[in-house]
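Here the structure is laid out as structure tokens; the discussion comes afterwards.
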Amino acid sequence: MKKLFLLDGMALIYRAHFALSKSPRFTSNGLNTSAVMGFTNTLLDVLKKEKPTHMAVVFDTDAPTERHTDYEHYKAHREAMPEDLAKALPYVIKVILGFNIPVITSDGYEADDIIGTLAKKAEKKGYQVYCMTPDKDFAQLVSENIRIYKPARMGNEMEILGVKEVLEKWEIERVEQVIDILGLWGDAVDNIPGIPGIGEKTAKALIKQYGSVEEIISHSHELKGKQRENVEQFAEQGLLSKKLATILLDVPVELDEEGLEICAPSKGLLEPLFAELEFRTLGKRVFGDDFSITEMKSVSVQTDLFGEPVATARNTMTVDVEDIYEDNIIAAKNIDNVPHEYHLADTLEKRVELIDILLQQQTICFDTETTGTDANHCELVGLSFAVKPGQAWYVPVPANQDDAKSIVTEFKPVFEHKQIGKIGQNIKFDILMLKWYGVEVQGDLFDTMMAHYVIDPDTRHGMDILSENYLNYKPVSITALIGPKGKNQGNMRDVEIEKIKDYAAEDADITLQLKSVFEPKLKQVESEKLINEIEHPLIYVLADMEYEGVKIDHNTLREFSKELETDIAKLEKTVYDKAGVRFNIASPKQLGEILFEKLMLDPKAKKTKTGQYQTGEDVLLSLAAKSDIVRDILDFRQLQKLKSTYVDALPQMVNPKTGRVHTSYNQAVAATGRLSSVNPNLQNIPIRTERGREVRKAFIPRDSDHSIVSADYSQIELRIIAEISKDANMMQAFINNLDIHTATAANVYGISPDEVTSDQRRNAKAVNFGIIYGQSAFGLSQNLGIPRKEAADIIEQYFAQFPGIKQYMSNTMNFARENGYVCTLMGRRRYLRDINSANATVRGFAERNAINAPIQGSAADMIKIAMINIHRELKAQKLDARMTMQVHDELVFDVPNHEIELVKPIIMHNMKTAIKTEVPILVEIGTGLNWLEAH
DNA sequence: TGACACACGC
DNA sequence: GACGTACGTGTGTCAT
């Protein structure tokens with residue numbers, strides 16, 4: 001296949017320059033080569049990875065163009081080009097020539113116009129066309145088969161967008177609307193304003209409603225207040241902005257197919273250039289590992305751009321190009337063009353009929369419609385059911401809660417039928433919702449969200465996106481029913497029933513269909529066991545925990561809050577006195593200005609990327625010696641955080657119906673397999689500092705006849721590393737039940753455990769920690785505040801002492817490179833798309849994930865299994881003890897006092913034996929009147 | 001309203 | 001030799 005790449009030269013250079021300008025790279029002769037290096041790297045990425053057959057780089061000429069009606073602005077823009085960027089330009093041209101890539105200069109047109117026109121022409125001739133250009137401007141081109149290529153940026157792998165992705169990104173229906181949005185918003189060309197007061201969001205909404213800038217202007221009388229005023233006053237400007245955003249697709253430029261054919265790079269041109277610019281690594285990428293610049297250092301580079309003969313052999317680099325992107329132009333199916341039977345079951349008779357049908361099924365798919373997204377705080381609006389593709393029912397539920405309950409109760413035989421499997425999307429929500437209406441869902445579960453999470457944890461699992469990706473079906477959007485999210489968003493209850501019927505029935509229908517797509521996929525990725533034995537059963541456990549909630553002691557918190565308030569006020573006053581001025585200490589911006597401009601605490605203060613001074617904890621700590629004001633500021637911050645995030649926020653989360661806080665565990669966000677907790681987040685309650693820990697006193701048992709029991713795995717991740725790697729030294733340390741960090745330190749520093757100093761233990765602990773979280777030597781040095789070299793030395797010693805761990809790491813990485821994924825003990829997969837990336841940053845990220853995912857993920861598997869087994873046993877023995885919280889390696893229970901001694905061994909045994917290991921698993925268990933005492 | 005800086009847990 | 005370095009949730013500030 002012919003594959004044409006069109007690059008906007010100036011855009012690339014600018015982009016490369018600004019990406020690298022934070023740490024400009026100077027050669028020994030003083031030339032800042034950051035832009036050249038960035039450009040060359042991107043070029044190499046394109047060539048090596050995408051293997052185009054044809055290519056061209058397009059440069060703007062310095063003449064006014066059709067699009068730049070405002071030439072003064074254009075000139076200013078050009079003149080503002082930084083000096084070093086201007087210097088880089090000739091070198092970039094040399095690079096391009098060295099690679100034998102044709103250059104096209106735009107004569108009176110923008111580079112984008114040339115690219116656009118060429119792209120269209122090439123497309124007609126059967127090319128697959130890619131346009132490399134900054135994100136926004138090219139959107140309209142994708143209206144056909146042309147793809148937008150975005151080079152790798154810091155921390156991001158390169159990205160290729162087709163029409164589908166662009167529409168999704170812009171949240172619109174038609175690609176042409178991008179131009180109108182840009183026109184209105186004014187973000188098309190630097191400094192050319194659109195219509196004042198209209199940002200991205202407003203522009204999108206208005207364009208969606210009216211279709212184009214012109215339409216909005218002619219309907220301006222329908223707008224209100226300031227917006228109307230602005231649209232009327234700045235109509236001209238809006239139109240101009242749109243014009244500037246529009247790419248011309250018919251400029252007079254010929255597609256010279258032969259001339260654009262790509263051929264091998266010229267060694268004669270590139271070698272001396274790379275030598276001059278001291279591009280060792282880039283040279284190696286192009287010419288292989290024996291490339292060296294040392295012996296050519298003295299070779300002067302031809303200054304005449306066109307004087308050097310171009311390499312004669314025009315042997316193309318063409319390789320078979322596999323087109324991995326399937327044709328995404330196919331119009332998505334939707335409710336209007338796919339046959340379906342969606343019934344409304346709004347009478348007793350119809351419901352009876354429906355229930356009869358449902359009771360005959362082996363599995364049913366259901367969904368609930370509610371007034372909100374928090375199952376603990378909202379009400380049921382309706383139920384929907386599906387039993388075969390294209391056929392679904394919607395059962396409205398009245399607002400009167402007693403009537404609602406009785407209708408839900410009619411369906412009890414279905415929901416509570418153990419032999420009828422239940423399918424849903426994020427079914428925990430629905431189970432929880434029904435619990436509040438007195439229904440205990442039973443039977444095997446199949447959650448499409450969890451299925452997709454297990455299949456590919458790193459991606460998104462929302463129903464809409466799954467539907468579009470796997471069924472090529474675009475569901476009715478929720479915003480079409482209740483409006484865009486925000487404070488004015490409506491409520492499902494206010495939507496007319498016919499619309500809800502379609503929406504709700506469709507949801508159940510889609511979910512049912514997704515199940516049949518995911519079932520074989522689960523088999524394919526060998527994750528059936530994982531989902532059937534862990535994730536699906538866990539849903540019931542989590543639903544019970546969330547429903548149960550935790551009791552909070554208001555009095556403790558109220559008093560603590562008062563205490564904090566006076567302390568904060570005191571600290572505030574001290575800080576003001578020491579600074580000599582009142583300011584908002586909670587504002588990093590103001591704080592930075594006071595510390596570094598008024599008090600001049602550090603003349604070399606670092607700034608953040610937005611130009612503010614950094615005022616993070618480690619920065620402030622390094623200043624502690626210079627002024628005691630920083631101590632007060634740090635204390636202020638700590639107390640303020642405690643007060644606002646925990647002490648004052650927790651009581652507000654208490655559910656008035658139960659007087660308890662009901663967190664929500666998200667089972668499908670953390671790619672490693674861990675859970676996360678929201679509303680409130682119970683997984684980040686303070687513990688490290690004396691005062692912070694106090695918050696845990698407020699987590700109490702339901703009454704005086706109960707106690708809190710807390711059980712946590714000791715060093716679970718390190719034990720898992722030992723288990724997976726079978727490293728003899730580390731296994732021995734655990735078998736001997738040594739303090740693992742001390743044992744590590746003893747090994748690393750070659751001394752006996754009792755000689756280990758606290759600093760050495762701290763270092764060893766940090767290394768252990770770093771391995772668990774996939775840190776690098778840099779991360780370690782930051783963590784410990786030691787030079788990178790020293791950190792690297794410690795790590796080296798560590799690996800020498802624990803060779804099994806080193807072996808595990810390289811084995812895992814090799815496995816990932818070959819298979820593209822890594823696995824936990826229970827077979828949970830994580831796909832690492834970037835593991836073979838040419839970009840070292842991106843690849844490094846994937847490599848750390850490769851090592852980290854099996855460890856963290858196995859620990860997550862283990863505690864999940866323990867939770868399921870404990871839950872089952874508590875139920876089987878009809879105990880009143882309840883599991884209430886999970887904090888990654890800790891489980892918390894609310895237990896009747898007389899059951900404590902009975903329950904403890906159950907917890908202990910199930911946690912220890914969740915996964916069979918050679919390394920001993922240690923569980924620490926405690927009891928108390930509150931969480932702090934129990935922990 | 002969204003981006004940012006910061007801080008909490010594991 | 002530089003890039004930029006665990007994740008997830010929540011808070012307050014500030015510019016729009």
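In the text below, chain A, chain B and the rest are named by the order of the sequence lines, each starting its count at 1.
With 3.5 Å as the limit, one finds no donor-acceptor pair spanning the side chains of Ser676(A) and Gln683(A). In this structure, a donor-acceptor pair under 3.5 Å is present between the side chains of Gln667(A) and Glu535(A). With no hydrogens or angles considered, a side-chain donor-acceptor pair links Asn768(A) and Thr744(A) at under 3.5 Å.
Among the atoms of the strands shown, none is found under 4.0 Å from any heavy atom of Leu642(A). Looking at heavy-atom distances under 4.0 Å, Glu617(A) makes contact with sugar-phosphate atoms alone, never a base. As judged by a 4.0 angstrom heavy-atom cut-off over every strand, Ile687(A) is placed among residues touching the sugar-phosphate backbone only. Within 4.0 Å of Asn852(A), counting heavy atoms only, lies no atom of the nucleic acid at all.
One interatomic measurement links the two molecules: CZ of Arg696(A) to P of dC8(B), which rounds to 13 Å at whole-angstrom precision. Look at CH2 on Trp931(A): it is 16 Å from P on dC8(B), rounded to the nearest Å. The CE atom of Met653(A) sits 13 Å away from the P atom of dT9(C) (whole-angstrom rounding). Whole-Å rounding puts the Gln614(A) CD to dG4(C) C1' distance at 14 Å. Rounded to whole angstrom, the span from the CG atom of Leu718(A) across to the P atom of dC10(B) amounts to 15 Å. Between Lys607(A) atom NZ and dA5(B) atom P the separation is 13 Å, expressed in whole Å. What separates NE2 of His888(A) from C1' of dT9(C) is a distance of 10 Å, to the nearest Å. As rounded to whole Å, 17 Å separates atom C1' of dA7(B) from atom NZ of Lys643(A).
Atom C1' of dA3(B) sits at a distance of 22 Å from the matching atom of dA6(C), rounded to the whole Å. On the P atoms, dA2(C) is 28 Å away from dA7(B), given to the nearest whole Å.
Contact annotation: Arg688(A) does not reach the phosphate of dC8(B) (side-chain N/O to OP1 or OP2, under 4.0 Å).
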Q. Which letter, B, S or -, goes with each nucleotide of nucleotides 10-16 of chain C from 5' to 3', with contact meaning a protein heavy atom under 4.0 Å?
A. BSSSSS-
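Counting atom types as modelled, Tyr773(A) pairs a side-chain N or O with a base atom of dC10(B) as donor and acceptor under 3.5 Å. At a cut-off of 3.5 angstrom, counting only N and O atoms as typed in the model, there is a donor on one side and an acceptor on the other between the side-chain of Arg674(A) and the base of dC10(B). Judged by distance alone with a 3.5 Å cut-off, a donor-acceptor contact links the side chain of Arg788(A) to the base of dG4(C).
The 12-atom threshold is not exceeded at CZ of Arg460(A), counting heavy atoms of other residues, nucleotides or ligands nearer than 6.0 Å.
Closest to the Phe769(A) side chain, of the nucleotides dT5(C), dG8(C), dC10(B), is dC10(B).
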Q: Decide yes or no on salt bridge (Lys or Arg N to Asp or Glu O under 4.0 Å) for Arg582(A) and Glu572(A), but give the supporting numbers first.
A: CA-CA 9 Å; Arg582(A) 290 178 69 90; Glu572(A) 224 172 2; over 6 Å; no
(Q) Applying side chain to side chain donor-acceptor pair (under 3.5 Å) to Gln856(A) and Arg674(A), what does each step give before you reach the verdict? (A) CA-CA 8 Å; Gln856(A) 251 192 56; Arg674(A) 277 186 172 184; 3.3 Å; yes
Listed pairs under 3.5 Å, donor-acceptor, residues 611-622 of chain A side chains, sequence neighbours left out:
residue	atom	partner	partner atom	Å
Tyr613(A)	OH	Glu597(A)	OE2	3.0
Thr615(A)	OG1	Arg637(A)	NH2	2.9
Ser622(A)	OG	Val619(A)	O	2.6

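Of all nucleotides present, only dG8(C) satisfies the Watson-Crick or G-U wobble test against dC8(B), with each distance under 3.5 Å.
Applying the side-chain contact (heavy atoms from CB on, under 4.5 Å) test between Val575(A) and each of Asp635(A), Ile633(A), Val581(A) identifies Ile633(A) as the sole match.
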